[in-house]
Amino acid sequence: MSDVVRVRFAPSPTGYLHIGGARTALFNWLHARHTGGKFILRIEDTDHARNSEAAVEVILSGLRWLGLDWDEGPETSVTSGPSRGEFGPYFQSQRTNRYLARASDLKAAGHAYERDGALFFRMPRDPITIEDRVVGNVVRPLTDREELDPDWVLIRSDGQPVFHFVNVVDDLEMGITDVIRGEDHLSNTAKHIALFRAFGVAPPRYAHIPLILNDDGSKMSKRNLGASLQHYIDQGYAPEAVSNYLCLLGWSPKDGQELFTIPELVARFDLASVNRSNARFDLKKLDHIHFEHTRRMSRERFVELGIQSLRVRGIETGNFPASYVASALLTAQEKGKLFSELPIWTDFYFKADPEIIPDEETRAKALSASAKPQLEALLAAYSSVPEFTAPALEAGLKGLATQLGVKVGALVQPCRAAVTGKLVGPSLYHLLEVLGPEKVMVRLQSAIDRMTA
RNA sequence: GACCCUAUCGUCCAGCGGUACAGGACAUCGCCCUUUCACGGCGGGGACACGGGUUCGAAUCCCGUUAGGGUCGCCA
């Protein structure tokens with residue numbers, strides 16, 4: 001083949017995208033983009049029992065969510081649907097004739113033979129050296145069980161080819177130059193190398209990356225909630241934060257930088273500085289990375305993600321002016337919270353005034369009868385504020401506090417509770433400005449009316 | 001059972017024979033700031049798994065032990 005790098009991500013449609021698989025895809029994608037190579041997506045749906053269109057869709061949408069676009073591969077989850085690239089089909093279930101042809105080649109060359117109705121590969125007895133770009137040279141001798149019978153199945157007696165075989169055939173035929181995958185494949189790489197040699201070609205370059213473990217060091221299984229990428233999508237993490245964090249698990253740029261945009265990652269990522277030891281998934285650190293990304297991302301990006309997030313959670317912003325929606329959401333950006341929490345911070349912007357109903361705790365802490373005179377005074381002050389802007393509102397409130405001889409908080413919290421119905425939220429003066437004088441006045445008055453005294 | 005990989009603060013990384021009573025980030029603790037929640041600032045505690053070598057000198061190299069992970073399927 002040419003010397004352009006060709007890497008692939010070859011997931012099996014199991015119904016979810018494992019977080020480790022997502023990182024494998026990310027490393028492959030980064031390697032391709034960094035080297036100007038091609039990133040290929042191939043669906044390993046040889047196990048018909050657990051293959052379904054929905055399961056493929058989970059993979060495609062997961063990759064898209066992360067921003068990992070593929071140069072070759074399926075465009076939809078439909079097995080016989082459209083695809084990009086010259087080396088298709090990209091669904092293994094559509095490539096059976098190729099496997100069968102390759103199998104007979106091996107048989108003709110004496111590398112395979114039939115036994116018990118299945119086709120077996122004649123595995124070399126000598127140790128095989130795996131030259132790995134991450135792990136180094138690994139000599140893999142046969143295990144005691146393999147010594148008993150080193151040969152292994154290429155085609156099952158029911159006619160179905162097995163994973164190791166199709167994987168190698170596809171990598172060969174698709175011109176894959178670099179195989180980047182989880183370390184769980186390291187031992188089996190000897191089989192793959194032997195197959196490539198049997199086909200008379202040099203194996204691709206290998207890079208086995210360390211695995212992601214649970215925070216207690218145990219292996220991540222499907223049962224663990226955090227093992228699925230979908231979990232992080234649902235929790236409202238920014239995609240760029242997840243990519244960034246995933247990269248940090250097993251890779252570092254050596255200079256201590258931890259926060260990267262995707263373009264920076266593309267520029268700086270290199271296989272050579274990938275670690276050799278497994279890493280535990282630390283949710284706290286992910287939260288921190290998300291926090292930093294969320295605060296730094298462009299306003300446009302934040303608003304885009306925010307509107308999506310609110311819609312998913314039942315808050316439709318389409319009925320409000322775009323500028324109002326943007327201003328409203330932006331008051332929550334500095335909080336850096338998960339997008340799943342956005343309704344908690346901004347729902348009051350999109351509620352009708354009568355829907356602002358403080359709960360019992362809020363009433364007790366901020367809207368007790370004793371606060372009524374202060375709220376009335378604030379309402380009066382705000383009725384005559386020179387302009388309804390955050391600085392003017394702040395000055396007005398602080399001036400009133402001085403005048404009344406009370407602490408600022410004695411006015412802030414009742415006001416916040418009255419207009420938002422909550423004790424916590426965005427910066428008070430900014431949210432008041434965004435809300436506008438009409439809503440603020442109405443809400444202050446309703447709160448006053450409800451206060452007994 | 002065999003084979004393979006790995007081993008630095010609680011976690012993720014830096015370190016790749018001497019510049020190190022081991023540096024950064026997250027977490028944690030204390031103080032400060034503060035209109036809520038936060039943010040921010042300052043400071044503290046916290047690690048080279050263990051045992052042998054090699055060397056003038058070892059977190060760094062070698063061997064062993066232990067621990068964790070992986071593989072050895074007519075699963076992928």
Side-chain angles (χ1 to χ4, degrees), chain A residues 10-14 44-47 49-51 92 115-120 127 130 132 134-136 138-150 152-164 166-167 182-191 208 210-213 215-220 245 248-259 273 275-289 291-292 295 332 334-337 344-345 362 365-366 394 397-398 401 407-413 415-417 420 422-429 431:
Chain A
S12 179
T14 56
E44 305 217 326
D45 56 344
T46 52
D47 186 359
R50 55 180 174 182
N51 172 36
Q92 287 187 333
R115 187 211 302 177
D116 302 334
L119 190 71
F120 278 71
I130 302 157
D132 193 277
V134 169
V135 189
V138 176
V139 179
R140 189 25 251 269
L142 296 177
T143 67
D144 59 348
R145 288 179 196 182
E146 289 167 334
E147 289 282 5
L148 265 31
D149 183 8
W152 47 277
V153 173
L154 294 171
I155 309 280
R156 300 188 188 93
S157 42
D158 68 356
Q160 289 300 315
V162 306
F163 164 77
H164 296 300
V166 298
N167 189 268
E183 200 210 75
D184 49 337
H185 288 291
L186 183 57
S187 290
N188 284 148
T189 302
K191 288 182 179 175
H208 287 89
L211 269 22
I212 298 178
L213 273 25
D215 60 4
D216 65 354
S218 62
K219 64 177 289 191
M220 248 192 195
Y245 177 66
L248 261 22
L249 255 26
W251 174 81
S252 85
K254 311 293 183 194
D255 65 359
Q257 184 177 343
E258 292 197 317
L259 260 27
S273 46
N275 267 159
R276 298 160 65 144
S277 53
N278 296 343
R280 304 181 186 203
F281 196 96
D282 183 2
L283 206 53
K284 291 278 182 53
K285 186 68 175 270
L286 204 213
D287 285 343
H288 174 255
I289 299 289
F291 171 85
E292 297 291 352
R295 299 190 56 164
E334 64 168 3
K335 300 297 178 184
K337 299 285 186 178
I344 297 173
W345 297 87
T362 304
K365 287 188 174 172
E394 178 171 3
L397 185 144
K398 286 184 172 170
K407 293 208 292 188
V408 191
L411 291 175
V412 168
Q413 285 305 78
C415 181
R416 175 189 299 287
T420 73
K422 293 177 184 150
L423 292 168
V424 301
S427 161
L428 179 67
Y429 314 114
L431 76 84

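Values below: every heavy atom of this structure, side chains too, minus hydrogens, waters and symmetry copies. Remember, it's a predicted structure, so these values are computed and weren't measured experimentally. Every chain is numbered from 1 and lettered A, B, ... according to where its sequence line falls, protein lines coming before strand lines.
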Check whether any side-chain N or O of A:Lys254 sits under 4.0 Å from OP1 or OP2 of B:A14, and answer yes or no.
-> yes
With respect to the side chain of A:Leu186, which nucleotide from B:C4, B:C12, B:U35 is positioned closest?
-> B:C4
Side-chain N or O of A:Arg156 closer than 4.0 Å to phosphate OP1/OP2 of B:C75 | yes
Would a distance-only check, ignoring hydrogens and angles, find a side-chain to backbone donor-acceptor pair under 3.5 Å from A:Asp158 to A:Gln160?
-> yes
What is the distance from CG of A:Asp132 to P of B:C5, rounded to the nearest Å?
-> 11 Å
Can a side chain N or O of A:Lys219 be found less than 4.0 Å away from OP1 or OP2 on B:G70?
-> yes
For A:Lys422 and A:Arg416, work out which heavy atoms get closest and say how close.
-> O-CG, 3.4 Å
Could you check A:Tyr429 against A:Val412 for side-chain contact (heavy atoms from CB on, under 4.5 Å), going step by step and ending with a plain yes or no?
-> CA-CA 9 Å; A:Tyr429 314 114; A:Val412 168; 3.9 Å; yes
Nearest whole angstrom, please: distance from the C1' of B:G10 to the NE2 of A:His288.
-> 17 Å
Whole-Å gap separating C1' (B:G40) and CZ (A:Phe291) | 9 Å
Counting only side-chain N and O atoms of A:Asn275, is one of them less than 4.0 Å from OP1 or OP2 of B:C12?
-> no
Does A:Lys191 make a cation-pi contact with A:Trp152, if we ask for NZ or CZ under 6.0 Å from the ring centre and within 45° of the axis?
-> yes
Taking atom P in both B:C16 and B:G1, what distance in whole Å separates the two?
-> 39 Å
How far does the P atom of B:A7 sit from the matching atom of B:G24, given to the nearest Å?
-> 22 Å
Interatomic distance where CH2 belongs to A:Trp152 and C1' belongs to B:C75 [whole Å] = 14 Å
Using a cut-off of strictly less than 4.0 Å, decide whether A:Asn188 has a side-chain nitrogen or oxygen near OP1 or OP2 of B:C72.
-> yes
Given the options A:Glu44, A:Gln92, A:His185, A:Asn167 meets side chain to side chain donor-acceptor pair (under 3.5 Å) only with A:Glu44
Nearest to side-chain heavy atoms of A:Phe120, which nucleotide of B:A76, B:C74, B:C37 | B:C74
A:Glu146 or A:Val139, whichever maps to the more 5' nucleotide of RNA chain B = A:Val139
Base, sugar-phosphate alone, or nothing: which one does A:Lys284 contact when heavy atoms must sit under 4.0 Å apart?
-> sugar-phosphate
Describe the nucleic acid contact of A:His208 in one word from base, sugar-phosphate, nothing, applying a heavy-atom distance below 4.0 Å.
-> nothing
For the side chain of A:Glu394, starting at C-beta, report the closest nucleotide among B:C72, B:U35, B:U36.
-> B:U35
Atom pair distance, as rounded to whole Å: CD in A:Glu258 and P in B:G24 = 12 Å
Between B:C37, B:C72, B:C5, spot the one nearest the side chain of A:Lys335, thanks.
-> B:C37
Quick one: closest heavy-atom pair of A:Ala190 and A:Arg140, and the distance?
-> CB-CG, 3.8 Å
Rounded distance in Å - CD1 (A:Ile212) to P (B:G69) | 16 Å
Please report, rounded to the nearest Å, how far the P atom of B:C26 is from the CZ atom of A:Phe281.
-> 17 Å
Counting any heavy atom closer than 4.0 Å, what does A:Leu249 reach on the DNA or RNA strands: base, sugar-phosphate only, or nothing?
-> sugar-phosphate
Report which part of the nucleic acid A:Gly336 touches: base, sugar-phosphate, or nothing (heavy-atom distance under 4.0 Å, all strands).
-> nothing
Of A:Ala118 and A:Lys398, whose nearest nucleotide on RNA chain B comes first from the 5' end?
-> A:Lys398
What is the distance from CZ of A:Arg280 to P of B:U11, rounded to the nearest Å?
-> 5 Å
Tell whether A:Ser187 reaches the base of B:C72 with its side chain through a donor-acceptor pair below 3.5 angstrom.
-> no
